[in-house]
Amino acid sequence: NDFVKLSESLNLFEYVKFSNLSKESLNKFIENFNIDDINQVIWESIFESHFGLNEKEYSGNKRYKTSMKTFEHDSNKEFDGIMRHLSESTKGNIHDNGTIEITTNSLCSNSHHPKNVVDYSNENYYDSNPGVQNGEVCFDFKNKLIQLTEYSIKTSNGGQDGCHLRNWVVEASNDKKNWEIVDQHEDDSSLRGSGRIVTFKTKVKETNSFYRYIRIRQTGKSWSNNYDFIMYYVEFYGKLKESSK
């Protein structure tokens, strides 16, 4: 109990090495933890320890279960993937209501916050700071995990030489320190045009990996010949793991 209280007070669950615990200690932890203080990444690390614990052992534990949904891209129904599903489930902007967190290191103004890219029913948009290189938009799925197989972007109405992405990578991580490139583009003209909607495939399906964090990071100038890039909408497709009590 003292271990659980200490971890809760310091919010250190993500740094706990569960493989160093005895089976007895791990069982006590599971009996006493607060489910709201852990996410799917932490939960799965428990099963990955070398004490013979696996998900089947705790399949009867009704306190923490996971469900998985698959979202495939449909060209006849754009922007109807994971983000829209979460938006409709929570009846609001999924950044504002805390379902996920969307952040950036490059912002033109507060009115163009990256949370706008998941508001598919309005014309708000995200706009980066033209003076910031390597601008990024990061999506933190918190207690969820995503297997990103495809993603869609809608461009601005700035013409061919508008603020459209030209050089970028999509990266995935579970700790926000070690990032894996799952898609990469250099001097790509796919998004060079007003109001374009383009869907890109990633290599995640090949590895069957799930991640907590996904980020879109600019790696060079946009088609406006500076570092300003605008995205109206962003949608993710693939598989989503959600926890439920």
Side-chain angles (χ1 to χ4, degrees), residues 69-87 94-95 100 102-106 114-120 125-128 133-141 144-174 178-224 227-241:
K69 297 181 178 69
T70 300
F71 301 85
E72 297 182 354
H73 173 252
D74 183 349
S75 59
N76 295 316
K77 202 173 183 181
E78 296 288 1
F79 301 102
D80 189 16
I82 292 172
M83 303 298 205
R84 187 181 290 275
H85 161 73
L86 294 175
S87 300
I94 51 180
H95 171 83
I100 71 171
I102 307 175
T103 57
T104 182
N105 63 348
S106 175
K115 69 179 182 179
N116 293 335
V117 302
V118 295
D119 276 345
Y120 307 117
Y125 56 88
Y126 163 72
D127 190 1
S128 72
Q133 299 184 33
N134 298 313
E136 66 179 52
V137 175
C138 183
F139 302 83
D140 177 2
F141 285 85
K144 304 169 181 60
L145 292 174
I146 179 176
Q147 183 187 104
L148 180 67
T149 57
E150 295 176 282
Y151 64 99
S152 297
I153 294 176
K154 181 179 180 180
T155 66
S156 69
N157 297 319
Q160 281 199 338
D161 296 325
C163 303
H164 314 305
L165 281 172
R166 179 177 181 173
N167 305 280
W168 76 96
V169 294
V170 176
E171 298 169 306
S173 175
N174 276 317
N178 302 296
W179 294 91
E180 178 184 352
I181 295 176
V182 299
D183 192 38
Q184 186 170 12
H185 298 266
E186 295 182 5
D187 201 28
D188 191 324
S189 61
S190 300
L191 296 170
R192 190 180 186 184
S194 296
R196 285 193 178 183
I197 298 174
V198 184
T199 300
F200 304 90
K201 295 183 182 295
T202 74
K203 65 178 183 180
V204 171
K205 198 169 185 177
E206 301 171 8
T207 63
N208 202 36
S209 299
F210 283 81
Y211 300 94
R212 171 178 171 176
Y213 303 96
I214 302 292
R215 72 180 180 186
I216 300 172
R217 181 170 59 87
Q218 186 174 229
T219 56
K221 292 183 177 180
S222 67
W223 287 105
S224 61
Y227 295 99
D228 188 8
F229 70 98
I230 294 174
M231 296 187 297
Y232 263 70
Y233 302 145
V234 174
E235 180 60 290
F236 293 156
Y237 305 92
K239 295 181 180 179
L240 176 70
K241 282 186 180 180

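Everything numeric in this text was worked out from a predicted model, so none of it was measured.
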Has N157 got a side-chain atom pairing as donor or acceptor with S194's backbone, closer than 3.5 angstrom?
no
Donor-acceptor check, side chain of S173 to backbone of N178, threshold 3.5 angstrom: yes or no?
yes
Which residues pass the ring pair (Phe, Tyr, Trp, His ring centres under 6.0 Å) test with F200, sequence neighbours left out?
Y151, W168, H185
Determine whether a donor-acceptor pair (N or O, by modelled atom type, separation under 3.5 Å) exists between the side chain of H164 and the backbone of W223.
no
Looking at every heavy atom in both F71 and L240, which two are closest together, and how far apart are they?
CE1-CB, 4.1 Å
Check side chain to side chain contact (heavy atoms under 4.5 Å, CB included) between S128 and all other residues, then give those that pass, not counting sequence neighbours.
S106, Y126, D228, F229
Is there a donor-acceptor pair under 3.5 Å between the side chain of S222 and the backbone N or O of Y227?
no
Can you tell me how far apart CG (D119) and CZ (R84) are? Round to the nearest 0.5 Å.
10.5 Å
Considering non-hydrogen atoms only, spot the tightest contact between E78 and Y237 and give its length.
C-OH, 4.1 Å
Over all atoms of both residues, closest heavy-atom pair of H73 and S152:
CD2-OG, 3.9 Å
Separation between CD (E136) and OG1 (T104), nearest 0.5 Å, reads 6.5 Å
Mind checking whether V117 and Y233 have side chains closer than 4.5 Å, heavy atoms only?
no
When rounded to the nearest 0.5 angstrom, what is the spacing between OH in Y213 and CG in L145?
10.5 Å
Can you find a heavy atom in the side chain of Y120 that is under 4.5 Å from one in the side chain of M83?
yes
E180 atom CD: more than 12 heavy-atom contacts under 6.0 Å
yes
Polar side-chain atom of N174 near backbone of R212 as donor-acceptor pair, under 3.5 Å
yes
Residue pair I100, D140: steps toward the side-chain contact (heavy atoms from CB on, under 4.5 Å) verdict
CA-CA 6 Å; I100 71 171; D140 177 2; 5.8 Å; no
Please examine the side chains of D161 and R192, heavy atoms only from C-beta on, and report whether any two atoms are closer than 4.5 Å.
yes
For the atom pair OG (S224) and CD (Q160), what is the distance rounded to the nearest 0.5 Å?
13.5 Å
Measure from NZ or CZ of K241 to the centre of the six-membered ring of F210 and say whether it is under 6.0 Å with the direction within 45° of the ring axis.
yes
Could you tell me if the side chain of F79 sits less than 4.5 Å from the side chain of Y232, heavy atoms only?
no
Once rounded to the nearest 0.5 Å, what's the spacing between atom CE of M231 and atom CG of N116?
10.5 Å
Does the distance from a Lys or Arg side-chain N to an Asp or Glu carboxylate O, for D187 and R166, drop under 4.0 Å?
yes
With a sphere of 6.0 Å drawn around NZ of K69, does it hold more than 12 non-hydrogen atoms of other residues, nucleotides or ligands?
yes
Walk me through whether I153 and V198 qualify under side-chain contact (heavy atoms from CB on, under 4.5 Å).
CA-CA 6 Å; I153 294 176; V198 184; 5.9 Å; no
Looking only at heavy atoms, which two atoms of C138 and W179 are closest? And how far apart?
SG-CH2, 4.1 Å
Closest heavy-atom pair, Q147 versus V204, reported as atoms and distance to 0.1 Å, is CG-CG1, 3.4 Å
Check the pair I216 / L165 against side-chain contact (heavy atoms from CB on, under 4.5 Å), numbers first and verdict last.
CA-CA 10 Å; I216 300 172; L165 281 172; 4.2 Å; yes
Nearest-0.5 Å distance, CG of residue N134 to OG1 of residue T219
7.5 Å
Quick one: which of I214, I181, V182 gives a side-chain contact (heavy atoms from CB on, under 4.5 Å) with T202?
V182
Heavy atoms only: give me the nearest I82-E235 pair and the separation to one decimal.
N-OE1, 3.5 Å
